[in-house]
Engineer: 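Here it is, the structure, as structure tokens.
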Amino acid sequence: MDLTNLREQIDEIDAQIVALYEKRMDVSRQVAEYKIETGKKVFDKAREEEKLRKVKALTHNEFNSHGIEELFEQIMSMSRKLQYRLLSEHGSLGRLPFIGVDSLDSGRARVVFQGAEGAYSQAAMMQYFGEQVNSFHVDTFRDAMIAIDEGSADFAVLPIENSTAGIVSEIYDLLVEFENYIVGEQIIKIEHCLMAAPGTRMEDIQTVYSHPQSLMQSARFLNEHSWQQISMQNNAFAAQKVAREQNKSQAAIASEYAAKLYGLEVLAKGINQSSTNSTRFIIVTNQKIFLENAQKVSICFEVPHESGSLYHMLSHFIYNNLNMNRIESRPIEGRNWEYRFFIDFEGNLSDSAVKNALRGLREEATNMKILGNY
């Protein structure tokens with residue numbers, strides 16, 4: 001048999017597969033209509049596992065058994081997505097527990113940031129809320145989350161990602177732990193300065209204090225010297241310490257604003273190796289609200305610890321034509337080698353495609369939380 005003849009046979013078989021697929025999806029549509037009437041859930045894990053066992057048993061070798069399993073996982077996944085879409089069209093998905101607002105009530109708001117006066121978080125806060133913002137600061141990220149959780153602050157400003165050093169992992173974990181939600185973001189350019197007590201010379205310095213990420217971002221400059229590097233909770237705390245102790249063997253890495261605030265002398269500007277270094281800050285509140293013009297959704301979820309589970313979760317974005325622009329993972333405490341995934345994607349909680357994707361994710365993930373729309 002020549003290749004042309006074999007290809008003709010494949011084309012004929014493929015046409016039959018397409019016809020049978022469309023027939024199956026038509027039946028799935030009828031199943032969705034039944035579920036709309038009865039209120040039954042779309043995802044039936046036990047039913048799908050039993051179906052996979054049956055179709056695998058119809059094959060004649062291990063290779064085909066594995067292939068049929070993958071094929072039917074995809075077919076059943078597409079069937080579920082069709083059913084979710086039909087449920088959405090019939091208004092059977094329910095409302096998401098978030099309220100759209102046209103603006104944040106920031107005029108009378110009290111805002112908390114982590115660190116001391118002169119911290120980059122303070123700069124981000126003033127850019128977002130204005131210089132006259134009613135604010136206070138706390139020592140730790142957890143303290144900031146507690147402040148909005150308990151209502152002593154309306155909003156918190158927290159760093160979540162640096163373009164050079166990567167994510168601030170503690171913030172991701174706190175977003176899961178607390179019932180607080182992202183309502184905005186602010187990106188600011190970072191320019192680290194080396195500062196010390198007035199009259200200090202570079203050769204006097206023995207120890208440099210700063211946040212660990214700032215030390216990392218300034219590694220190239222610091223490696224040119226034999227200084228001891230000591231991590232602190234915040235850059236502004238480092239500047240505060242050096243200003244308070246007035247010890248010429250000490251220096252801090254912080255912003256130029258912090259140097260002016262604490263009366264320190266800037267010995268070197270822009271010591272971070274990347275001239276495009278920026279940090280993204282999130283604006284967090286304890287209210288389930290989102291701006292009506294918001295264009296980014298952040299979620300997190302856990303998946304069963306089995307082959308293909310993450311792939312099936314991500315397919316909800318593909319099917320609903322949603323552009324995913326970030327994925328991160330964090331280990332789940334107390335469960336070795338299992339991870340929680342954090343995803344940012346484009347969309348608004350009022351969009352039907354977003355509602356459809358979130359419904360599918362919620363039904364199929366082990367746990368799923370909407371972290372915010374902003």
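Scope of the values below: all heavy atoms of this structure, side chains included, with no hydrogens, waters or symmetry mates. These numbers come from a predicted model, not from an experiment.
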Engineer: Take a 6.0 Å sphere around CD of Glu62 and say whether it holds more than 12 heavy atoms from other residues, nucleotides or ligands.
Structural biologist: no
Engineer: Under a 3.5 Å cutoff, is there a donor and acceptor pairing between the side chains of Tyr374 and Ser298?
Structural biologist: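 The answer is yes; a qualifying pair exists.
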Engineer: Within 45° of the six-membered ring axis of Tyr181 and under 6.0 Å from that ring's centre, is NZ or CZ of Lys369 located there?
Structural biologist: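 Yes; both conditions hold, so Lys369 lies above the ring face of Tyr181.
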Engineer: Among Val168, Asn235, Ile253, exactly one meets side-chain contact (heavy atoms from CB on, under 4.5 Å) together with His211. Which residue is that?
Structural biologist: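 Single pass found, and it is Asn235.
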Engineer: Strictly below 4.0 Å, N to O, side chains only: are Asp26 and Lys23 in salt-bridge contact?
Structural biologist: no
Engineer: Under a 4.0 Å N-O cut-off, is there an ion pair linking Glu33 with Arg29?
Structural biologist: no
Engineer: From Ile343 CD1 over to Asn325 CG, what is the distance, rounded to the nearest 0.5 angstrom?
Structural biologist: 10.0 Å
Engineer: If we only count heavy atoms from C-beta on, is the Val138 to Phe113 side-chain gap below 4.5 Å?
Structural biologist: no
Engineer: Is the shortest distance from a Lys or Arg side-chain nitrogen in Arg335 or Glu302 to a carboxylate oxygen in the other one below 4.0 Å?
Structural biologist: yes
Engineer: Could you tell me whether Lys51 and Asp44 make a salt bridge, using a distance below 4.0 angstrom between a side-chain N and a carboxylate O?
Structural biologist: no
Engineer: Could you tell me whether Glu363 and Arg80 have a side-chain N and a carboxylate O separated by less than 4.0 Å?
Structural biologist: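 Answer for the salt bridge query: no.
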Engineer: Where the side chain of Asp149 meets the backbone of Met145, is there a donor-acceptor pair that is under 3.5 Å apart?
Structural biologist: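 Pair absent, no side-chain N/O of Asp149 close to backbone of Met145.
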Engineer: Without hydrogens or angle criteria, can the side chains of Lys189 and Thr279 be said to hold a donor-acceptor pair below 3.5 Å?
Structural biologist: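 The criterion, which ignores hydrogens and geometry beyond distance, is not satisfied for Thr279 and Lys189.
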Engineer: Which pair of non-hydrogen atoms, one from Ala124 and one from Ile188, has the smallest distance, and what is that distance?
Structural biologist: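 That would be CA-CG2, 4.0 Å.
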Engineer: Can you tell me how far apart CG (Asn180) and CZ (Phe155) are? Round to the nearest 0.5 Å.
Structural biologist: 11.5 Å
Engineer: Just by modelled atom types, is the His316 backbone N or O under 3.5 Å from a matching donor or acceptor in the Asn320 side chain?
Structural biologist: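 Here the side-chain-to-backbone pair exists.
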Engineer: Would you give the length of the straight line joining atom CZ of Phe43 to atom CE of Met76, rounded to the nearest 0.5 angstrom?
Structural biologist: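 Output value for this atom pair is 9.0 Å.
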Engineer: List the steps, then state whether side-chain contact (heavy atoms from CB on, under 4.5 Å) holds for Ile167 with Phe342.
Structural biologist: CA-CA 11 Å; Ile167 67 168; Phe342 294 81; over 6 Å; no
Engineer: Does a donor on one side chain and an acceptor on the other come within less than 3.5 Å for Gln295 and Glu346?
Structural biologist: no
Engineer: Which pair of non-hydrogen atoms, one from Leu175 and one from Leu371, has the smallest distance, and what is that distance?
Structural biologist: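 Smallest interatomic distance, heavy atoms only, reads O-CD2, 3.9 Å.
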Engineer: Side chains of Glu73 and Ser77: is there a donor and an acceptor less than 3.5 Å apart?
Structural biologist: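 Judged by distance alone, the side chains do not pair up.
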Engineer: Do Arg142 and Glu177 make a side-chain contact, defined as non-hydrogen atoms from C-beta onward lying under 4.5 Å apart?
Structural biologist: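 Arg142 vs Glu177: side chains touch.
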Engineer: Assess the residue pair Arg326 and Glu328 against the criterion (salt bridge (charged side-chain N to carboxylate O under 4.0 Å, His left out)); give the C-alpha distance rounded to whole Å, side-chain angles, the decisive distance to 0.1 Å, and a yes or no.
Structural biologist: CA-CA 7 Å; Arg326 181 171 201 80; Glu328 299 285 350; 2.5 Å; yes
Engineer: Measure the spacing between CD of Gln74 and OG of Ser79 and express it to the nearest 0.5 Å.
Structural biologist: 12.5 Å
Engineer: For Glu12, is the CD atom crowded, meaning more than 12 foreign heavy atoms sit under 6.0 Å from it?
Structural biologist: no
Engineer: Thinking salt bridges, do Glu50 and Arg47 make one under a 4.0 Å N-O criterion?
Structural biologist: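 Not counted as a salt bridge, because no side-chain N and carboxylate O are separated by less than 4.0 Å.
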Engineer: Under 3.5 Å, is there a donor on one side chain and an acceptor on the other for Asn162 and Gln213?
Structural biologist: no
Engineer: Under the 3.5 angstrom rule, does the side chain of Asn373 hit a backbone N or O of Leu349 as a donor-acceptor pair?
Structural biologist: yes
Engineer: Is it true that, when you exclude Asn293 itself, more than 12 heavy atoms of the residues, nucleotides or ligands shown sit nearer than 6.0 Å to its CG?
Structural biologist: yes
Engineer: At what distance, to the nearest 0.5 angstrom, does NZ of Lys41 lie from CZ of Arg359?
Structural biologist: 8.5 Å
Engineer: Between the side chain of Asp351 and the main-chain N/O of Ala353, is any donor-acceptor distance below 3.5 Å?
Structural biologist: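 Here the side-chain-to-backbone pair does not exist.
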Engineer: Would you say that more than 12 heavy atoms from the other residues, nucleotides or ligands in this model lie under 6.0 Å from the NE2 of His66, or not?
Structural biologist: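 Not buried by this count: 12 neighbours or fewer within 6.0 Å.
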Engineer: Quick one: does any side-chain atom of Asn64 pair with a main-chain N or O of Thr59 as donor and acceptor, under 3.5 Å?
Structural biologist: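 Here the side-chain-to-backbone pair does not exist.
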Engineer: Quick one: does Phe141's side chain get under 4.5 Å of Gln233's, heavy atoms only?
Structural biologist: no
Engineer: Restricting to non-hydrogen atoms, name the atom on Ile205 and the atom on Ala251 that form the minimum distance, rounded to 0.1 Å.
Structural biologist: CD1-CB, 3.8 Å
Engineer: Check step by step if side-chain contact (heavy atoms from CB on, under 4.5 Å) holds for Phe178 and Val284.
Structural biologist: CA-CA 11 Å; Phe178 288 85; Val284 184; over 6 Å; no
Engineer: If we ignore hydrogens and angles and just use 3.5 Å, is the side chain of Asp204 paired with the main-chain N or O of Arg201 as donor and acceptor?
Structural biologist: yes
Engineer: Would you say the side-chain atoms of Ser218 pair up with the backbone N or O of Ser214, donor to acceptor, closer than 3.5 Å?
Structural biologist: yes
Engineer: Can you measure from CD (Glu364) to CZ (Phe301) and round to the nearest 0.5 angstrom?
Structural biologist: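 So the gap between those two atoms works out to 10.5 Å.
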Engineer: Return the minimal non-hydrogen interatomic distance between Val183 and Tyr128, and the atom names on each side.
Structural biologist: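 Smallest interatomic distance, heavy atoms only, reads O-OH, 4.1 Å.
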Engineer: Which heavy atom of Leu222 sits nearest a heavy atom of Leu215, and at what distance?
Structural biologist: CD1-O, 3.7 Å
Engineer: With distance as the sole test, does Ser106 use its side chain to make a donor-acceptor pair with the main-chain N or O of Ala109 at under 3.5 Å?
Structural biologist: no
Engineer: So do Asn323 and Phe345 actually touch side chain to side chain, heavy atoms under 4.5 Å?
Structural biologist: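 Side-chain contact under 4.5 Å: no.
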Engineer: Between Thr4 and Asp2, do the side chains contain a donor N or O and an acceptor N or O under 3.5 Å apart?
Structural biologist: no
Engineer: Between the side chains of Asn272 and Glu191, does any donor sit under 3.5 Å from an acceptor?
Structural biologist: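 No - no donor-acceptor pair under 3.5 Å links their side chains.
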Engineer: Under a 3.5 Å threshold, yes or no: a donor from one side chain and an acceptor from the other, between Gln114 and Asn234?
Structural biologist: yes
Engineer: Shortest non-hydrogen contact from Ala119 to Ala236?
Structural biologist: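 Looking at all heavy atoms of both residues, the shortest contact is N-CB, 3.5 Å.
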Engineer: Is the number of heavy atoms from other residues, nucleotides or ligands under 6.0 Å of Ile99 CD1 greater than 12?
Structural biologist: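 No, because the 6.0 Å sphere around CD1 of Ile99 holds 12 heavy atoms or fewer from other groups.
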Engineer: Side chains of Gln273 and Gln217: donor-acceptor distance under 3.5 Å anywhere?
Structural biologist: no
Engineer: Taking Glu256 first and then Lys269, would you say they form a salt bridge - that is, a charged N and a carboxylate O separated by under 4.0 Å?
Structural biologist: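 Looking at Lys269 together with Glu256, the answer is yes, because their closest N to O distance falls below 4.0 Å.
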Engineer: Please check if the number of heavy atoms outside Phe136 that lie under 6.0 Å from its CZ is greater than 12.
Structural biologist: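 Correct, the count exceeds 12.
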Engineer: Is it the case that more than 12 heavy atoms not belonging to Gln16 sit under 6.0 Å from its CD atom?
Structural biologist: yes
Engineer: Could you check whether any side-chain N or O of Ser65 sits under 3.5 Å from a backbone N or O of Asn61, counting only pairs where one atom can act as donor and the other as acceptor?
Structural biologist: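 Looks like no, no N/O pair under 3.5 Å.
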Engineer: Does the side-chain contact (heavy atoms from CB on, under 4.5 Å) test come out yes or no for Val208 and Ile230, once each step is laid out?
Structural biologist: CA-CA 6 Å; Val208 177; Ile230 297 181; over 6 Å; no
Engineer: Hey, is the main chain of Val111 close enough, under 3.5 Å, to the side chain of Asp154 for a donor-acceptor pair?
Structural biologist: no
Engineer: Contact between Gln228 and Gln206 at the side-chain level, heavy atoms closer than 4.5 Å - yes or no?
Structural biologist: no
Engineer: Should Ile289 and Val157 be regarded as members of a common hydrophobic cluster, given that ILVMFWY residues are connected when their side-chain heavy atoms come within less than 4.5 Å of each other, either directly or indirectly?
Structural biologist: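 Same cluster: Ile289 reaches Val157 through Ile, Leu, Val, Met, Phe, Trp or Tyr contacts under 4.5 Å.
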Engineer: Tell me whether the rings of His225 and Phe221 are parallel (<30°), tilted (30 to 60°) or perpendicular (>60°).
Structural biologist: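 Rings of His225 and Phe221: tilted, 30 to 60°.
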Engineer: If you count the non-hydrogen atoms of other residues, nucleotides and ligands that lie under 6.0 Å from CZ in Arg244, is the total more than 12?
Structural biologist: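 Atom CZ in Arg244 is packed in, count exceeds 12.
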